[in-house]
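Structure first, then comments.
No hydrogens, no waters, no symmetry mates; every other heavy atom, side chains included, goes into these values. Model, not experiment: these values are computed from the prediction.
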Amino acid sequence: MKKRILILVLAGMFCFTACNQGADGPAEEPKTQEEEKKDPEEEKKDEEETEDEESGDTQSGDSQEQKTDEETEVPAEKVKINVYNSNDDATAFISNETEIEARTPEKVMEALADQGVVPSDVQVLHFEQSVVDGADTVLLDVNGAFASYVSSMGTTGEYYVIGSVCNTYLEAYGCEKIKITVENGTLESGHADYPGYMTMYQ
């Protein structure tokens, strides 16, 4: 009799345990190795796509900013100067107002060449503004082409060429005196030497 009761109790406990497992549902199956590997890769891919999108947005923003900067750039204003020359019969100085891209010694010399005052191969080697004896002065050093050109002219032509260069630079830079040298040496022609400072020619 005791054996039967023990068997019935064990059978009842077994049935109760089985019923509880069925009610809770089947246990979750563990993930396979492939699934475990797939998740980090997908996360990495998602992160890369997000970074690419953010990078694209940044580059687009940079392009727009650069375009805006270019659109707002203001072109440099040209400078007006008076270029001196002799009149047709070489009896007086005349001046012609002209525009140059910037007030630089080279651009002023180019304007003189454009007006036919000096040859186009005349170049500025050095330019300096200073105060000498209380007066604003200009030191203009040019290459040998200028001395060669002046030496090939008569006294009247030489006077108006040197005078035109002096007057143009003095007025362009608002100075009172100018000294012209040739490759750091004294300007010499077949008619005269020019060792010192000169003022406006009349």
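In the model, Asn96 has a side-chain atom that pairs as donor or acceptor with a side-chain atom of Gln115 under 3.5 Å. Asn82 and Glu97 are not linked by any side-chain donor-acceptor pair at a separation below 3.5 angstrom, with hydrogens and angles left out of the test. Using modelled atom types, one finds no donor on one side chain facing an acceptor on the other under 3.5 Å when comparing Tyr197 with Glu176. Inspection of the Asp141 and Thr181 side chains reveals an N or O donor paired with an N or O acceptor under 3.5 Å. For the residue pair Ser151/Ser189, the side-chain donor-acceptor check at 3.5 Å is not satisfied. Glu158 and Tyr194 share a side-chain donor-acceptor pair at under 3.5 Å.
Applying the salt bridge (Lys or Arg N to Asp or Glu O under 4.0 Å) definition to pairs two or more places apart or across chains, none involves residues 112-122.
Closest non-hydrogen pair, Ser120 versus Ala113, comes out as CA-CB, 4.1 Å. Of all heavy-atom pairs between Thr156 and Ala90, the closest is CG2-O, 3.9 Å. Summarising the geometry of Leu112 relative to Ser164, their closest heavy-atom pair is CD2-O, 4.2 Å, with the distance given to 0.1 Å.
For Tyr173 and Phe127, the distance between ring centers is under 6.0 angstrom.
Using a distance-only test at 3.5 Å, with no hydrogens or angles considered, a donor-acceptor pair links the side chain of Tyr160 to the main chain of Thr91. One N or O on the side chain of Glu183 and one on the backbone of Gly144 form a donor-acceptor pair closer than 3.5 Å. Between the side chain of Arg103 and the backbone N or O of Ala172, at least one donor-acceptor pair lies under 3.5 Å. In this structure, the side chain of Thr168 engages the main chain of Tyr84 through a donor-acceptor pair within 3.5 Å.
Interatomic distance, Met153 CE to Ile162 CD1, rounded to the nearest 0.5 Å: 10.0 Å. To the nearest 0.5 Å, atoms SG (Cys166) and NZ (Lys179) are separated by 12.5 Å. The distance from atom CE of Met109 to atom CD1 of Ile100, rounded to the nearest 0.5 Å, is 12.0 Å. To the nearest 0.5 Å, atom CG of residue Asn167 and atom CE of residue Met200 are 4.0 Å apart. Note that CG of Leu139 is 5.5 Å distant from NE2 of His126, once rounded to the nearest 0.5 Å. For the atom pair Glu110 CD and Thr98 OG1, the distance stands at 11.0 Å (nearest 0.5 Å).
A salt bridge links Glu101 with Lys107; the closest basic N to acidic carboxylate O contact falls under 4.0 Å.
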* To do: Would you check, one step at a time, whether the test side chain to side chain contact (heavy atoms under 4.5 Å, CB included) holds for Gln123 with Val142?
  => CA-CA 6 Å; Gln123 298 178 353; Val142 294; over 6 Å; no
* To do: Output, in order, the C-alpha distance, side-chain angles, deciding distance and verdict of side chain to side chain contact (heavy atoms under 4.5 Å, CB included) for Cys175 and Thr137.
  => CA-CA 5 Å; Cys175 293; Thr137 63; 5.9 Å; no
* Criterion side chain to side chain contact (heavy atoms under 4.5 Å, CB included) on Phe93 and Asn85, from CA distance to verdict -> CA-CA 6 Å; Phe93 287 100; Asn85 202 348; over 6 Å; no
* Start with the C-alpha distance between Val108 and Tyr169, add both sets of side-chain angles, then the distance that settles side chain to side chain contact (heavy atoms under 4.5 Å, CB included), and finish with yes or no. => CA-CA 7 Å; Val108 174; Tyr169 273 94; 3.6 Å; yes
* Test ring pair (Phe, Tyr, Trp, His ring centres under 6.0 Å) on Tyr159 and Tyr201 and set out the steps. => CA-CA 9 Å; Tyr159 176 86; Tyr201 276 56; 5.0 Å; yes
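Evaluated for a side-chain contact (heavy atoms from CB on, under 4.5 Å) with Val122, the options Val150, Val165, Asn143 yield exactly one hit, Asn143.
By the 6.0 Å contact criterion, CG on Asp193 is enclosed, its count of non-hydrogen atoms from other residues, nucleotides or ligands being greater than 12. Residue Asn87 qualifies as enclosed at atom CG: its count of foreign heavy atoms under 6.0 Å is above 12.
Between Ile180 and Met198 there is a side-chain heavy-atom pair separated by less than 4.5 Å.
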